[in-house]
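What follows is a single structure, written as structure tokens, with notes after it.
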Amino acid sequence: MAVALMLRVSVALLHRQRSVYAGSIAMVSSRAMASKTPVGFIGLGNMGNPMAKNLMKHGYPVIAYDVFPEACKEFQDLGAQVTDSPADVGERADRIITMLPSNPNAIEVYTGSSGILKKVKKGSLLIDSSTIDPAVSKELAKEAEKMGAVFMDAPVSGGVGAARAGNLTFMVGGVEQEFDAAKELLTCMGSNVIYCGEVGTGQAAKICNNMLLAISMIGTAETMNLGIRLGLDPKLLAKILNMSSGRCWSSDTYNPVPGVMEGVPSANNYQGGFGTTLMAKDLGLAQNSATSTKTPVPLGSLAHQVYRIMCAKGYAQKDFSSVFHFLREENL
């Protein structure tokens, strides 16, 4: 009888363990499913398109909107929901990512008559990956807070190639307690997600980075142009630079001279990539910030003028590395 009793107790314990284990699996599955609730994505341009696709590759259903309906067609074919306005995205998703060209675009998408904040759900997480003025990010955060939502700025670095590969760097500003929730989504699109501080600090980091990028790209273009005119083979010169102290991202990863590298805009008539008009815009943001903080940025100011002239000379829609072509043709 004692043996039979022990067997019955063992069987009961085994069933209980299985039940607890099954319950644990169900809880884990439930959390996993919860994390895969739809994510809104607004702005499906050169950068937003591959970013949204990477979210979908990681299993997140996407609710998409772009001011140009043709940009949404591809996502509709991939199974994404497409809406008629940013407000509709705000109504359907409680996590939204925006990737927009400029201050006015961001202000309109968030606070316009059909903006996200018109129908945003309380508790929603709004992540803006546009590059805009830090002061605008702070104002949008205040407006979102009034509606019970959380706004974070998370501009990116890395360009279209990194966006496609999911290797972007995100610089995040906002409430620190919400950083992990933002990081869950951003790691689907980037390999580096860095918390910078309060709202606006992500934008500050991005503006500083892009000012240096513009300066180094102009320097690389000038150097390559001079070397070629002195009779050096451009590939040989690039090789020497990239094993010497002049090496930089503009020379070894994104070289501006046609024929030196494959898979970069200079190999494709400067199509795609990061537009000259966007670089001029970012340098303008840097100039505004420098003025407001009384910071001397002589090279940043000169770079801003170069890219503004390029926009006026027909380079606005070409990649910013077309500064090589501009310098070669203009003989400045």
Side-chain angles (χ1 to χ4, degrees), residues 24-44 47-65 75 78-81 83 86 89-100 106 109-110 116-117 119-132 137 140-141 144-145 147-159 162-203 205-206:
S24 299
I25 292 295
M27 287 176 65
V28 170
S29 298
S30 176
R31 290 195 196 103
M33 289 301 292
S35 71
K36 301 298 184 183
T37 54
V39 176
F41 204 106
I42 299 173
L44 303 169
M47 293 292 290
N49 179 295
M51 288 169 66
K53 284 178 181 175
N54 279 329
L55 275 175
M56 296 180 75
K57 287 176 184 176
H58 280 79
Y60 290 93
V62 165
I63 299 173
Y65 173 79
F75 285 89
L78 290 172
Q81 297 181 50
T83 66
V89 178
E91 187 175 35
R92 299 188 198 183
D94 57 15
R95 293 180 293 178
I96 301 171
I97 297 168
T98 53
M99 189 60 166
L100 307 161
V109 161
Y110 279 94
I116 293 169
L117 297 183
K119 294 184 180 180
V120 71
K121 301 175 183 177
K122 285 187 178 180
S124 291
L125 176 61
L126 312 175
I127 304 171
D128 182 37
S129 288
S130 318
T131 299
I132 58 176
S137 291
L140 293 178
E145 187 177 7
M147 304 304 296
V150 175
F151 176 96
M152 303 185 83
D153 58 306
V156 305
S157 179
R164 290 191 185 116
N167 291 331
L168 290 168
T169 292
F170 287 89
M171 294 150 273
V172 185
V175 181
E176 188 170 7
Q177 291 86 338
E178 299 292 339
F179 176 63
D180 286 342
K183 188 175 182 180
E184 176 193 333
L185 298 178
L186 299 180
T187 49
C188 297
M189 302 175 285
S191 54
N192 299 297
V193 182
I194 303 163
Y195 181 69
C196 298
E198 63 183 20
V199 170
T201 56
Q203 298 294 352
K206 174 62 186 293

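Predicted model only: the values in this text are computed from it and were never measured. Every heavy atom of this structure was used, including side-chain atoms; hydrogens, water molecules and symmetry mates were not.
- Once rounded to the nearest 0.5 Å, the distance linking CG of Leu100 with CD1 of Ile132 reads 8.0 Å.
- Counting only heavy atoms from C-beta outward, the side chains of Met189 and Val156 never approach each other to under 4.5 Å.
- The side-chain contact (heavy atoms from CB on, under 4.5 Å) search around Val193 returns Phe170, Val172, Phe179, Lys183, Leu186, Thr187, not counting sequence neighbours.
- Residues Leu168 and Met51 approach most closely at CD1-CG, 3.7 Å, considering heavy atoms.
- Scanning for salt bridge (Lys or Arg N to Asp or Glu O under 4.0 Å) contacts around Lys57 gives an empty result, with sequence neighbours left out.
- For Phe75, there are no ring pair (Phe, Tyr, Trp, His ring centres under 6.0 Å) partners two or more places apart in sequence or in a different chain.
- Residue Ala93 comes nearest to Ile63 through the heavy atom pair CB-CD1, 4.1 Å, listed as atom of the first residue, atom of the second, then distance.
- Summarising the local packing, CZ of Arg164 is surrounded by 12 or fewer heavy atoms from other residues, nucleotides or ligands at distances under 6.0 Å.
- In this structure the side chain of Gln81 never reaches within 4.5 angstrom of the side chain of Pro61, judged on heavy atoms.
- Contact record, Tyr60 with Val39: CD2-CG2, 3.8 Å, taken as the closest heavy-atom pair.
- Here the closest heavy-atom approach between residue Leu44 and residue Ala52 is recorded as CD2-CB, 4.0 Å.
- Leu55 contributes atom CG, which lies 4.5 Å from atom CD1 of Ile97 (distance to the nearest 0.5 angstrom).
- Taking NZ of Lys206 as the reference point, atom OG of Ser129 lies at 9.0 Å (rounded to 0.5 Å).
- In this structure, the side-chain contact (heavy atoms from CB on, under 4.5 Å) partners of Met147, at least two apart in sequence or on a different chain, are Leu117, Val120.
- The only member of Asp128, Thr98, Thr83 that meets side chain to side chain contact (heavy atoms under 4.5 Å, CB included) when paired with Ile42 is Thr98.
- Residues meeting the ring pair (Phe, Tyr, Trp, His ring centres under 6.0 Å) test with Phe151, sequence neighbours left out: Tyr110.
- Remark: side-chain polar atoms of Arg95 are not paired, donor with acceptor, to backbone N or O of Ala181 under 3.5 angstrom.
- Here the closest heavy-atom approach between residue Met56 and residue Leu78 is recorded as CE-O, 3.6 Å.
- With sequence neighbours excluded, the residues satisfying side-chain contact (heavy atoms from CB on, under 4.5 Å) with Ile194 are Thr169.
- Expressed to the nearest 0.5 Å, how far CD1 of Ile96 lies from OH of Tyr65 amounts to 13.5 Å.
- Across every non-hydrogen atom of Ser130 and Gln203, the tightest pair is O-NE2, 3.0 Å.
- With hydrogens and angles ignored, the 3.5 Å screen pairs a side-chain donor or acceptor of Asp153 with a backbone N or O of Gly200.
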